[in-house]
Number of protein chains: 2
Amino acid sequence: MTTDPGPAMTSVAPMTPAAPMTARQEARRRRILQATARLAGRGGFDAVQMREVAESSGVALGTLYRYFPSKVHLLVAVMQDQLEDLHETLRKRPPTDEDPAARVARTLMRAFRAMQREPHLADAMVRALTFADRSVSAEVETVSRLTTAIILDAMGPAGSRPTALQLSAVRVIEHTWHSALITWLSGRASIAQVATDIETACRLIDPAGAVRRQE
Amino acid sequence: MTTDPGPAMTSVAPMTPAAPMTARQEARRRRILQATARLAGRGGFDAVQMREVAESSGVALGTLYRYFPSKVHLLVAVMQDQLEDLHETLRKRPPTDEDPAARVARTLMRAFRAMQREPHLADAMVRALTFADRSVSAEVETVSRLTTAIILDAMGPAGSRPTALQLSAVRVIEHTWHSALITWLSGRASIAQVATDIETACRLIDPAGAVRRQE
DNA sequence: ACCCAGTCTGAAACTTGTTCTAGATTAGCG
DNA sequence: CGCTAATCTAGAACAAGTTTCAGACTGGGT
C-alpha cells in the first residue's frame with residue numbers, strides 16, 4: 001500500500017544536473033547534512049559553525065566548502081531536504097477539508113507544527129533562506145518551487161490548472177508564510193498570530209464568500 | 001504651510017526613553033547613520049563594514065558599538081530613519097484614490113520606487129531587518145509599528161478604528177511587502193512581480209467585490 | 001577652578017566564515 | 001597492475017564582526 005501512487009502530484013524537476021557522485025560522495029554529503037541539522041537543532045543559525053560541521057561529519061573544512069560553497073548554501077540545502085520529506089509525508093495523507101483554502105491553511109499549519117518541534121532548526125533554515133544573496137538564488141529558487149508545489153497540491157485536485165489569480169494568491173501565501181515564520185522565530189509574534197496570518201492569506205484563494213468561513 | 005498638521009495621523013510612540021543625549025552625541029549618532037547609509041548605498045549589506053563606518057563618521061570603533069551594539073542594530077536604525085522620512089512625505093501628499101485598497105497599494109508602490117532608486121541601500125536595510133535575531137526585536141518592532149502606521153494611514157480616514165479583519169489584512173500585507181522585497185533584491189522576482197504581489201495582498205482589505213478591480 | 005563619573009580614542013585581541021596550499025588518497029582506465 | 005586527474009586532508013592564513021583595555025577627554029556639580 002505504500003506504493004500507491006496516490007493522486008498525481010505537482011512535480012518538481014529532480015535537479016541533479018551536476019556530475020554524478022560516487023557512493024562515498026553521496027554518503028559524505030548526507031553526513032554533512034545530518035551533522036548540520038543536528039547542530040542547528042541545538043543553538044540555531046549561530047550554532048552551525050563550519051569547522052564544527054566539518055569535524056562532526058568527518059570531513060576536512062576544504063571538502064565541506066567544496067560540497068557547499070557557503071554556510072547559507074549549506075542551510076538552504078538542509079531546508080530543501082526537510083521540505084522534500086514534508087512533501088512526501090503530505091502526499092501520503094493529504095488534508096481532507098472541503099474547501100481548498102482550508103486545505104492549504106491546514107497544510108501550512110502542519111508544516112508550522114513541525115517547525116515548532118525544532119524551533120532552533122527552523123531558525124537556522126529560515127534565517128539562511130531570507131539572508132541568502134544572489135549567489136544562492138538558484139538554490140533558494142528550488143526551495144521556493146518546492147513550497148509552491150506543496151501549496152498547489154493542497155489547493156486543488158491535481159491536474160487542474162490554477163488560474164493566474166490563484167497563482168498570485170499562492171505567491172502571497174508563500175510570502176506570508178516566510179515572513180510570519182520570521183516574526184515568530186524572533187519572538188515578535190505568537191503561534192496564534194502566525195496561525196491567524198496564514199488563514200488570512202489563504203482567504204485569497206477563493207475570494208467569493210471567503211469571509212464567512214471565519215465563524 | 002509646512003506646519004499644517006494635516007489629517008490626524010496614526011501616531012507612533014516617540015521612543016526616546018534612554019538617557020538624553022548632548023548635542024555632540026546627537027551629532028555623532030547622526031554622522032554614523034549618514035555614513036552607514038552612504039556606504040550601504042554603494043555595495044549593500046556587505047559594503048557596510050563596521051571599521052569603515054567608524055572611520056568614515058570620525059568615531060572610534062568602540063564608540064560605534066556603544067551607539068549601535070551590532071551591525072544589524074545599526075542598519076535597522078537606518079531603516080527606521082528612512083521610514084520616518086517616508087511617513088513624513090506621505091503625510092504631506094497622501095494618495096488620492098477612491099478605494100482604500102488602491103490607496104494602500106499605491107503607497108507601497110511609492111515606497112518601492114524609493115527603494116528602486118537606491119537598491120543597494122534597500123538591500124542592506126531589508127537584509128538586516130529579516131536577519132535580525134531576538135536581540136534586536138525591540139528595534140525591529142519599532143520599524144514594524146512604523147510600517148503598520150503608514151499602511152493604516154493610507155487605508156482609512158484617520159480616527160476610524162480598523163476592524164480586526166482589516167488588521168489581519170494589514171499584517172499579511174506587511175509580510176508580503178517584506179518578503180516580496182527580498183525576492184526582488186535577490187533577483188528572483190521582477191519589479192512587475194512585486195507590484196502584482198502587493199496588489200494581490202491588498203485585495204484582502206475590502207474583500208467584497210475586490211476581484212473586479214483587476215480590469 | 002577642581003574633581004568625579006561617564007564617555008571617547010586607539011589599538012590589540014578574539015571569533016568565525018572563507019580561502020589557500022602542499023601533500024596524501026581515490027577513482028577511472030589502459 | 002600502474003598511471004593520471006580529480007578529490008580529500010590538515011593546517012595556516014585572511015577578512016570582518018565583536019570585545020576589551022589603558023589612557024585621554026568632557027560635562028556637571030562644588
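Proteins come first, then strands; the chains are lettered A, B, ... in the order of their sequence lines, and each starts at number 1.
Applying a 4.0 Å cut-off to non-hydrogen atoms, the residues of residues 33-61 of chain A that approach DNA chain D are A:Arg51, A:Gly58, A:Val59, A:Ala60, listed by residue number.
As a whole-Å value, the separation of B:Glu26 CD from D:dT26 C1' is 17 Å. Taking atom CD1 of residue A:Ile32 and atom P of nucleotide D:dC8, one finds them 9 Å apart after rounding to whole Å. In this structure, A:Leu64 atom CG and C:dC20 atom P are separated by 16 Å, rounded to whole Å. Atom CZ in B:Arg127 sits about 13 Å away from atom P in D:dG17, given to the nearest Å. Rounding to whole angstrom units, CZ of residue B:Arg24 and C1' of C:dT9 are separated by 13 Å. The CG atom of A:Leu74 sits 14 Å away from the C1' atom of C:dT18 (whole-angstrom rounding). A straight line from CD of A:Gln25 to C1' of D:dA6 spans 9 Å, rounded to a whole angstrom. Atom OH of B:Tyr65 is separated from atom C1' of D:dT18 by 5 Å (rounded to the nearest Å).
Listed candidates were D:dC8, C:dG28, C:dG17. Nearest to the side chain of A:Lys71 is C:dG17.
A:Leu83 CG to A:Ile150 CD1: the interatomic distance, rounded to the nearest 0.5 Å, is 5.0 Å. Note: A:Glu84 CD to A:Gln80 CD = 5.0 Å, rounded to the nearest 0.5 Å.
A:Ser70 comes within 4.0 angstrom of sugar-phosphate atoms only, judged by non-hydrogen atoms across all strands, and of no base. Residue B:Tyr67 is in sugar-phosphate contact alone, with no base atom involved, counting any heavy-atom pair closer than 4.0 Å across all strands shown.
A salt bridge does not link B:Arg171 with B:Glu174: every distance from a Lys NZ or Arg NE/NH1/NH2 to an Asp or Glu carboxylate oxygen is 4.0 Å or more.
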With a cut-off of 3.5 Å and sequence neighbours excluded, list every side-chain donor-acceptor pair involving residues 108-117 of chain B.
unit_1   : atom_1 : unit_2  : atom_2 : d
B:Arg110 : NH1    : B:Arg93 : O      : 2.8
B:Arg110 : NH2    : B:Arg93 : O      : 3.1

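In terms of position on DNA chain D, the residue among B:Gly62 and B:Thr22 whose nearest nucleotide sits closer to the 5' end is B:Gly62.
By the 6.0 Å and 45° rule, A:Lys71 does not stack over the aromatic ring of A:Phe131.
Counting only residues at least two apart or in different chains, ring-ring contact (aromatic ring centres under 6.0 Å, His included) contacts with residues 51-75 of chain B are absent.
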Next on the checklist: Is there a side-chain contact (heavy atoms from CB on, under 4.5 Å) between B:Gln82 and B:Val78? Walk through the geometry before answering.
Outcome noted: CA-CA 6 Å; B:Gln82 303 273 314; B:Val78 170; 4.3 Å; yes
